[in-house]
Structure formats: structure tokens, C-alpha cells
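Following: one structure in C-alpha cells, then a few remarks.
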Number of protein chains: 2
Amino acid sequence: MRVISKSGEYGLRALLHMASNQENEGFFNIREMSEELDISFHFLTKILQVLTQKGILQSYRGPNGGVGFLKSPEEITLSELVRALEGDDFFDKCLLGLPGCGERQPCPMHAYWMGIRNNLKSEFETTSLADLGKNTRLQHLRLIA
Amino acid sequence: MRVISKSGEYGLRALLHMASNQENEGFFNIREMSEELDISFHFLTKILQVLTQKGILQSYRGPNGGVGFLKSPEEITLSELVRALEGDDFFDKCLLGLPGCGERQPCPMHAYWMGIRNNLKSEFETTSLADLGKNTRLQHLRLIA
DNA sequence: AATATTTAAGAGTATTTTGTCTTTTATAAA
DNA sequence: TTTATAAAAGACAAAATACTCTTAAATATT
Ligand code: SF4
Ligand code: SF4
């Protein structure tokens with residue numbers, strides 16, 4: 001049950017890293033981040049590119065360039081991040097994946113799943129990137145091979 | 001957020017179909033099922049093979065052969081089905097996918113996610129295949145193109 | 001202006017998942 | 001015992017996802 005895709009995970013790890021080191025620097029060098037987080041540089045670049053395109057990050061090319069937040073991590077919700085990283089329909093899917101989800105003819109899991117889903121949704125909407133990083137230690141973000 | 005993989009979904013749809021037509025026949029012809037459920041015959045065969053290997057179904061080759069339940073749908077839990085179809089670690093994954101999930105250094109989502117996960121787990125353990133089929137209509141299982 | 005640095009963009013490769021096709025094995029019936 | 005039927009098994013193909021490499025564009029420094 002991989003709720004978040006690999007690229008989504010990488011994106012979150014990078015953002016979490018940025019949020020927890022925000023006091024030090026304004027722009028983050030992607031190469032450095034990729035090394036510290038043990039994520040392929042080019043792959044991470046791609047992922048951060050979409051976050052830039054979606055208006056969550058800003059980027060700067062050239063010497064001392066990098067990516068930085070447009071809003072503060074306190075104002076970025078986990079909800080908008082997974083929507084950006086996993087697609088806008090992230091919270092619309094069925095648990096079992098059965099097609100034609102129906103309020104009309106729901107299976108016995110339907111009400112239960114809708115409950116969990118709405119719960120998840122509101123939890124994600126009220127959790128900020130800053131919240132997420134609060135108790136997170138760096139070793140948690142790195143691969144513990 | 002595809003919680004259940006495509007092949008897992010196909011497996012569930014087939015089992016649901018069998019459970020809701022159980023009174024009629026003992027063994028189900030895979031070809032017929034694949035046509036009724038609009039699932040590739042060979043792909044479905046593969047999926048049902050693993051269910052047979054895992055001891056959830058029994059199969060019979062030759063004329064009038066097919067697959068049938070070993071236990072009654074009332075005795076088959078959704079939990080054992082997703083474990084068979086999606087892997088035994090289905091209920092062990094992290095929400096965000098971050099590696100090295102830690103009770104020691106949990107992120108703020110950890111306790112929340114553990115709650116949902118255990119909830120899901122016990123719900124899946126107490127929901128039988130028969131339960132699942134109760135309000136399910138056939139058109140729900142078919143593709144509503 | 002020339003050069004170095006760094007992200008953007010896009011092509012290309014690898015792996016996994018999904019789906020197809022062919023051959024083999026088991027069973028029933030003629 | 002021969003033939004037909006249906007699942008098992010395995011090779012193969014397509015699509016999606018994950019990852020790599022090359023080139024282009026932007027910016028800073030000299
Ligand atoms: S009714 Fe059940 S199977 Fe259908 S969409 Fe809702 S939860 Fe999924
Ligand atoms: S602490 Fe958070 S990120 Fe880590 S495994 Fe638990 S839920 Fe996932």
C-alpha cells in the first residue's frame with residue numbers, strides 16, 4: 001500500500017529538509033540536497049520543477065541559484081503538496097478501486113471509506129509543512145540502508 | 001491514491017462476482033467471468049492462480065472445470081484477500097512513504113496514521129467477502145465506460 | 001563580453017506493472 | 001484411448017513509473 005508514489009515521497013523529503021533548515025539559507029542548491037537526501041539529482045530536479053511550476057517553490061538559475069519557498073512552510077498545507085505531487089484527484093479515489101463508485105449502490109465499505117477519506121482530507125488540509133517537520137529528525141529523511 | 005493495485009481490484013471483482021452468484025454454481029469458468037467482468041482472460045487467470053496457490057480458491061481443470069471457494073465467502077476476510085493479492089505487508093506501510101518509520105522519532109502524522117491504519121486493519125479483518133458483496137450490484141463491478 | 005554555475009527541458013534508459021500469447025498438464029467424455 | 005476442454009505455467013509485449021543523460025536557458029562573476 002504505497003499511498004504516496006516514490007517521486008511524491010522524494011518531493012516531500014526535500015521540502016521537509018528545506019523547511020527544517022530554512023533559518024540558514026534562502027535558496028537551496030538542488031545538487032547538495034540530492035546528495036544529503038540520497039536522491040538522484042536529475043530526478044529530484046524534475047520533481048522540484050513541478051513544484052515550481054505549481055507555484056509552491058520559486059527557483060533561481062546561475063551561481064548560488066537554487067529553489068526556495070514562495071510561502072512559509074507554516075502556510076503550506078500537506079494537502080496542496082500531495083495534490084501537486086500526486087495529482088488533484090488524490091482524495092477522490094475509491095478504497096477498493098472498483099469502478100463506478102456509487103452513492104446509489106454503495107458497497108458495505110463505502111460509508112466507512114468515505115469517513116476515512118474525509119478524515120484524511122481534513123487532516124491533510126490542517127497539517128502544514130512546518131507541522132510535519134516538527135518532530136522529524138534528519139536520519140528519518142535519509143535512507144536507513 | 002490507488003490503495004489497491006489493478007490486479008488486486010480484478011481479483012476482488014472476480015471474488016465478489018463469485019460470492020454473489022454462489023448459489024447457482026460450484027465452479028466458475030474463468031473465461032465466462034473474464035467476459036462478464038470485462039477483464040483480460042489470461043490476466044484474470046494469473047490472478048486467480050495465486051488465490052488458488054494461497055489456499056483461498058480451489059481449481060479444477062478439464063471440461064466444466066473452473067475455480068471455486070474452499071471456504072464460504074462468510075469465512076473469508078477482506079484482510080486475507082488483500083494480503084494475498086497485495087502482499088503480506090499491506091498493513092505495515094507508512095502513509096508518506098518516508099523510510100525508516102520510527103516510533104522513536106515519529107513525524108506529527110505518525111500517531112494519526114497509525115490510528116487510521118489499525119482502524120483499516122481491524123475493519124478489513126471483520127469484513128467478510130460475503131459482507132462486501134451484500135449491497136453490491138453487478139453494474140458496480142463492471143466497467144461503466 | 002566571456003566564462004562558470006545552476007535550474008529547465010527534453011530525450012533516452014531501466015524497472016515494474018499490466019496485459020497477451022503459446023505451450024503444457026489435468027480431467028472428462030466420446 | 002483419443003479428443004476436447006479448461007486451468008497452469010511461462011514466454012513475450014505494452015504501458016506506466018522511476019531514473020539518467022544531454023542540451024538549453026538564465027544568472028553571476030570575472
Ligand atoms: S461503493 Fe465500495 S467499492 Fe464502490 S466506490 Fe464506494 S467504497 Fe469503493
Ligand atoms: S513517523 Fe511519519 S513519516 Fe515516519 S513512518 Fe511514521 S507516519 Fe511515516
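Below, chains carry the letters A, B, ... as their sequence lines are ordered, and counting in each starts from 1. The shown structure was predicted, so the numbers you read here are calculated from the model rather than taken from an experiment.
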Examine D:dA28: is either OP1 or OP2 under 4.0 Å from a nitrogen or oxygen in the side chain of A:Tyr60? Give yes or no.
yes
What I'd like to find out is whether the side chain of B:Val67 reaches to under 4.5 Å of the side chain of B:Met18, using heavy atoms alone.
yes
Can you check the B:Gln49 CD to C:dT24 C1' distance for me, whole Å?
12 Å
Using only side-chain N and O atoms of A:Thr45, determine if any of them is under 4.0 Å from OP1 or OP2 of C:dT7.
no
Charged N to carboxylate O under 4.0 angstrom, B:Glu80 versus B:Lys71?
yes
Residues B:Arg13 and B:Glu9 bridged, charged N to O under 4.0 Å:
yes
Against the six-membered ring of A:Phe90, is A:Arg83 placed for a cation-pi contact (under 6.0 Å from the centre, within 45° of the normal)?
no
Starting at CG of A:Leu37 and ending at C1' of D:dC19, how long is that distance when rounded to a whole Å?
17 Å
Please pick, from D:dT5, C:dT7, D:dA8, the nucleotide with the shortest atom-to-atom distance to any side-chain atom of B:Thr52.
D:dA8
Presence of B:Ser40 side-chain N/O under 4.0 Å of C:dT20 phosphate oxygens OP1/OP2:
yes
Does B:Ser59 make a side-chain N or O approach to OP1 or OP2 of D:dA8 shorter than 4.0 Å?
yes
Are any side-chain N or O atoms of B:Ser122 and backbone N or O atoms of B:Asn119, one a donor and one an acceptor, separated by less than 3.5 Å?
yes
Comparing nearest nucleotides in DNA chain D, the 5'-proximal residue of the pair A:Asn64, A:Phe43 is A:Phe43
Starting at CZ of A:Phe41 and ending at P of C:dA9, how long is that distance when rounded to a whole Å?
14 Å
What contact category does A:Gly65 fall into here, base, sugar-phosphate, or nothing, at under 4.0 angstrom with non-hydrogen atoms?
sugar-phosphate
Out of C:dT22, C:dT7, C:dA9, which nucleotide sits closest to the side chain of A:His42?
C:dA9
The single option from A:Leu78, A:Thr77, A:Leu81 that satisfies side chain to side chain contact (heavy atoms under 4.5 Å, CB included) with A:Phe124 is A:Leu78
A:Leu44 CG to D:dT17 C1', in whole Å, measures 17 Å
Can you measure B:Met18 atom CE to D:dA7 atom P for me and round it to whole angstrom units?
11 Å
Can you say whether a donor on the side chain of B:Arg61 sits under 3.5 Å from an acceptor on the base of D:dA8, or the other way round?
no
To the nearest Å, give me how far apart CZ (B:Phe27) and C1' (C:dA28) are.
14 Å
Atom CZ of A:Arg13 and atom C1' of D:dA18 are separated, to the nearest Å, by 14 Å
Can you tell me if the side-chain N/O atoms of B:Tyr10 get under 4.0 Å from OP1 or OP2 in C:dT18?
no
Taking for each residue the nucleotide of DNA chain C with the nearest heavy atom, is it B:Ile39 or B:Gly62 whose nucleotide lies nearer the 5' end?
B:Ile39
So, is B:Gln53 close to the D:dA9 phosphate, meaning a side-chain N or O under 4.0 Å from OP1 or OP2?
yes
Return whichever of B:Lys46 or B:Phe28 has its heavy-atom-nearest nucleotide of DNA chain D closer to the 5' end.
B:Phe28
Integer-rounded Å distance: D:dA8 C1' and B:Asn29 CG
15 Å
